[in-house]
Amino acid sequence: MLTTRYVTGAPNWIDLGTPDIDGAAAFYGELFGWRFQPGGPEVGGYGLFQLGGRTAAGGMQTTPEQGPPSWTAYFQTSDVDATAKAAEQARGSVLMQPMDVRDLGRMAILADRAGVRFGLWQPGRNKGLEVVQEHGSLCWLELYTADVPAAAAFYHSVLGLETFPLDFPGGTYTTFVPAGESEDAMFGGVVPLADDPGEEEAYWLPYFEVTDPDAIVARTRELGGAIRMPATDLPGAGRLAKLADPHGARFAVIRSEPRAD
């Protein structure tokens, strides 16, 4: 389960790059109750999405040259520079070289073997997201990729992530677990890209916990977003929907089933 007890390899941050940060703030504010707190020029206008006074995500306005509108997941490391080198050695790439973000932490933006963008965060004063698993906050991540074994091998060599198989009728769902942690620490899964019709490029998909997925779907449509998959029950997981905001950034929502003890 994704928690704020961040360990090496666990996701500890997520942010949105969008051409319209004010519009994004209004959209996600309507869906999740977020309030956007813009940053100053010293951080390039990068701001925080707050949920009840706690940080649920980051966000900034981006240009087309910086890539399409999207969510980026960051993973904890104690040494950004060494982890970036490990990614290159594993046939990934460094899109943004390691850099200090004032005294908040140190970061880098990488791409895996399939070109999927993800981030690294080495905590300084900013330890990571302040709220997860609650309504309107991050609760799960899924990597959609054409080669599941290759992706598992890459993230194991770079972040130490282990995989744990979950069997379900008709197949197996591969989950990620930080090194040295039990299966209860799984925070995401790896899904064959072929299982996501219409998508041709691999990507990370964030899931946000919500109390009423159907209401979120309806509101997304009203606000100009897209419904990529309508609200659907998934036994053992919950009721989920795959969406996109008005600028095309993909995300999902889920009302998770209570976990059995």
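Side chains included, hydrogens not; waters and symmetry mates left out as well; all remaining heavy atoms used.
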Do [X] and [Y] have side-chain N/O donor and acceptor atoms under 3.5 Å apart?
X: Q66; Y: T63; value: yes
X: E142; Y: Y173; value: yes
X: E209; Y: S256; value: yes
X: S93; Y: E88; value: no
X: N12; Y: Y74; value: no

So which heavy atom on [X] is nearest to which on [Y], and how close?
X: V177; Y: S182; answer: CG1-O, 3.3 Å
X: Q76; Y: L159; answer: O-CD2, 4.4 Å
X: P235; Y: D233; answer: CD-O, 3.8 Å
X: R255; Y: T211; answer: CD-O, 3.2 Å
X: L110; Y: A87; answer: CD1-CB, 3.7 Å
X: A56; Y: L51; answer: CB-CB, 4.1 Å

Quick one: are [X] and [Y] in side-chain contact, heavy atoms under 4.5 Å?
X: T145; Y: V190; result: yes
X: M186; Y: E181; result: no
X: N126; Y: W13; result: yes
X: V253; Y: L243; result: yes
X: F27; Y: T220; result: yes
X: I254; Y: C139; result: yes
X: R106; Y: D81; result: yes
X: Y155; Y: D112; result: yes

Pairwise distance [atom1]([X]) to [atom2]([Y]) - rounded to 0.5 angstrom:
X: S137; Y: F49; atom1: OG; atom2: CZ; value: 14.5 Å
X: L2; Y: L138; atom1: CG; atom2: CG; value: 5.0 Å
X: T18; Y: H247; atom1: OG1; atom2: NE2; value: 4.5 Å
X: L48; Y: R54; atom1: CG; atom2: CZ; value: 14.5 Å
X: T72; Y: M96; atom1: OG1; atom2: CE; value: 9.5 Å
X: D184; Y: T3; atom1: CG; atom2: OG1; value: 11.5 Å

ask   = Should F75 and V7 be regarded as members of a common hydrophobic cluster, given that ILVMFWY residues are connected when their side-chain heavy atoms come within less than 4.5 Å of each other, either directly or indirectly?
value = no
query = Are L166 and T175 close enough, and set up right, to give a side-chain contact (heavy atoms from CB on, under 4.5 Å), and what steps lead you there?
reply = CA-CA 7 Å; L166 289 179; T175 66; 3.7 Å; yes
query = Run the side-chain contact (heavy atoms from CB on, under 4.5 Å) check on D15 and Y46 step by step: do they pass?
reply = CA-CA 10 Å; D15 64 18; Y46 188 97; 2.8 Å; yes
Any Lys/Arg nitrogen of [X] or [Y] sitting under 4.0 Å from an Asp/Glu carboxylate oxygen of the other?
X: E199; Y: K242; value: no
X: R228; Y: D196; value: yes
X: D214; Y: R239; value: yes

request  = List the steps and the verdict of side-chain hydrogen bond (donor to acceptor under 3.5 Å, both in side chains) for T55 and Q50.
outcome  = CA-CA 5 Å; T55 301; Q50 301 274 298; 2.7 Å; yes
request  = Start with the C-alpha distance between V132 and L129, add both sets of side-chain angles, then the distance that settles side-chain contact (heavy atoms from CB on, under 4.5 Å), and finish with yes or no.
outcome  = CA-CA 7 Å; V132 298; L129 299 177; 4.2 Å; yes
message = Checking D22 now: which residues fulfil salt bridge (charged side-chain N to carboxylate O under 4.0 Å, His left out) with it, not counting sequence neighbours?
response = none
task = Measure the acute angle between the ring planes of F176 and F187, then classify it against the limits of 30° and 60° as parallel, tilted or perpendicular.
result = parallel
query = Is atom CD of E222 surrounded by more than 12 heavy atoms (other residues, nucleotides or ligands) closer than 6.0 Å?
reply = yes
ask   = Is the distance between the ring centroids of W204 and F251 under 6.0 Å?
value = no
inquiry  = With a 6.0 Å cut-off on the ring centroids, do W71 and F208 count as close?
reply    = yes
ask   = Are I21 and M60 close enough, and set up right, to give a side-chain contact (heavy atoms from CB on, under 4.5 Å), and what steps lead you there?
value = CA-CA 6 Å; I21 192 61; M60 69 178 297; 5.6 Å; no
inquiry  = Checking Y203 now: which residues fulfil ring-ring contact (aromatic ring centres under 6.0 Å, His included) with it, not counting sequence neighbours?
reply    = Y144
